[in-house]
Amino acid sequence: MKFNYYMPVHMHFEQDAVKKYKEELLKIGTKALIVTGKHSSKKNGSLDDVIQVLNDVKIEYTIFDKVEENPSLETIEKAAAIGLQNKVDFVIGIGGGSPMDASKAIAIFIKNPNINKDNVFSSGKLTHIPVVAVATTSGTGSEVTPYSIVTVNAQKTKKNLGQKVYPEIAFLDSKYTYDLPYNITVSTAVDAFTHLVEGYLNSNSTVMTDIYGEKGFELFAECFDNLIKKDLNKEFRDKVMFASALGGIQISQNGTSLPHGMGYPLTYFKGLPHGFANGVLTVEYLKTFKNTEKLNRMLSILKLKDLSELKQIFDKLFTVHIDVTEEEIVEYSKAIFSNKGKLKNHPEQLEYQEIENIYRNSFK
Ligand code: NAP
Ligand code: ZN
């Protein structure tokens, strides 16, 4: 047996966690840059909770509330400039993966004022000011991962910033997700599920990370029922938030694999939400596995007979309406086939033609 495991995030998974553990913020810094999206954190109570506790513990703050979905390096530069002007010494990301990922990148840009969108990928390992994450979707697991996925317009793609920024503290309070609309609940849950799948069926998986994957599949065996029945009760919200965090912990160790890499152009060029971009490719991806032992274990924990039953669940949950031309399939396939980072996480040898077929068959 052999594994390396490092997960340095202090997680508080609890109702009213932000208020209960407010004193911990005093150990992080003295002036915060709150980084959030345009609307949702103002409606779901997360922004109010954070502002209230910062006032309570007398930590000053500045708010940047303009993070868009799939945050761009341009937005990150703007927010970092505001952080620098205000001399903040930590960042609090509130929202889904977009604000949380943006907050990690902003923490790097603030710590290294010479870094900008043009040199960030060629600057070697960079340090950062501390980050606190408040999750308001149950999907990305970004609150526990070191990744920051950013939109790089110069390269017409989304990619991992390539730095490691683990939040110091992750607040997981599912009450912020109670009013998450059904379609976002589904797309983010599908994202969490694909993290579990890609982290589990992964060249880097270990006996340690499999524990997270298998617990996550056990939870999804129930969560899929809730999603299909649109029974989004509080117990479900807790369960899917937990499953999402488990997926995050798993990919923090193993990374994601091909569906994530293959999904980025579907988001960049076709505007498909991140979870659906991975989800639409997942079944065809899983069909390429030659050694099905672990895949079958996953299906059995999910209480599914075979991949066609997983496909039926996905068909009930979402339909993807985008046109992908033959030329685009070739273009996207070539891009992923040259992405060594993603390919090496896939545990089997995969031929180029199989990648084209995953795209082609997923959009039949
Ligand atoms: P998101 O892009 O953060 O948010 C999607 C939408 O949901 C936004 O319109 C947002 O509104 C809204 N929203 C968020 N929380 C809400 C709530 N509680 N109630 C109502 N609406 C809410 O979605 P996401 O799927 O969580 O994040 C996707 C991003 O994370 C992608 O860029 C993806 O590549 C990245 N990602 C990162 C990791 C990682 O490990 N770091 C892993 C997977 C994916 P507002 O804009 O108004 O907030
Ligand atoms: Zn994802």
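The figures here come from the full heavy-atom set of this structure, side chains too, leaving out hydrogens, waters and symmetry mates.
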Notebook entry, point to check: Under 3.5 Å, side chain of D210 to main-chain N/O of S205, donor-acceptor pair present?
Noted result: no
Next item on the list: Using the six-membered ring wherever Trp is involved, compare the ring planes of H12 and Y21 and label them parallel, tilted or perpendicular (cut-offs 30° and 60°).
Entry: parallel
Check: Does a sphere of radius 6.0 Å around NZ in K20 hold more than 12 heavy atoms from other residues, nucleotides or ligands, not counting ones at 6.0 Å or beyond?
Finding: yes
Check: In terms of the angle between their ring planes, are Y332 and F269 parallel, tilted or perpendicular, with boundaries placed at 30° and 60°?
Finding: parallel
Next item on the list: Please check if V240 and L196 belong to a single hydrophobic cluster, counting links between Ile, Leu, Val, Met, Phe, Trp and Tyr side chain heavy atoms closer than 4.5 Å.
Entry: yes
Next item on the list: Evaluate the criterion salt bridge (Lys or Arg N to Asp or Glu O under 4.0 Å) for residue pair K290 and E354; output intermediate values, then yes/no.
Entry: CA-CA 12 Å; K290 286 106 197 163; E354 291 180 278; 2.9 Å; yes
Margin query: If you take the centroid of each ring, where Trp contributes its six-membered ring, are F90 and H128 closer together than 6.0 Å?
Written below: no
Next item on the list: Answer yes or no: is there a donor N or O on one side and an acceptor on the other, between the side chain of D191 and the main chain of G275, under 3.5 Å?
Entry: no
Under 3.5 Å, which donor-acceptor pairs do the side chains of residues 214-222 form with other protein atoms, sequence neighbours left out?
from: E214; atom 1: OE2; to: Y200; atom 2: OH; distance (Å): 2.5
from: E214; atom 1: OE2; to: R297; atom 2: NE; distance (Å): 3.3
from: K215; atom 1: NZ; to: E218; atom 2: OE2; distance (Å): 3.1
from: E222; atom 1: OE1; to: K239; atom 2: NZ; distance (Å): 2.6

Check: Got a sec, which residues hit ring pair (Phe, Tyr, Trp, His ring centres under 6.0 Å) with F276, two or more places apart in sequence or on another chain?
Finding: F318
Notebook entry, point to check: How many angstroms lie between atom CZ of F314 and atom CZ of F193, to the nearest 0.5 angstrom?
Noted result: 5.0 Å
Next item on the list: Please confirm whether the backbone N or O of N116 pairs with a side-chain atom of E77, one donor and one acceptor, at under 3.5 Å?
Entry: no
Notebook entry, point to check: Hey, any chance L272 and I149 share a hydrophobic cluster, counting ILVMFWY side chains that come within less than 4.5 Å of each other, even indirectly?
Noted result: no
Item checked: Intermediate values then yes/no, salt bridge (Lys or Arg N to Asp or Glu O under 4.0 Å), K27 and E168 -> CA-CA 10 Å; K27 297 179 212 151; E168 302 286 318; over 6 Å; no
Check: Relative to each other, are the rings of F242 and F13 parallel, tilted or perpendicular (30° and 60° limits)?
Finding: perpendicular
Checklist line | Which residues share a side chain to side chain contact (heavy atoms under 4.5 Å, CB included) with T256, sequence neighbours left out | finding: H195, E198, I251, H260, K342
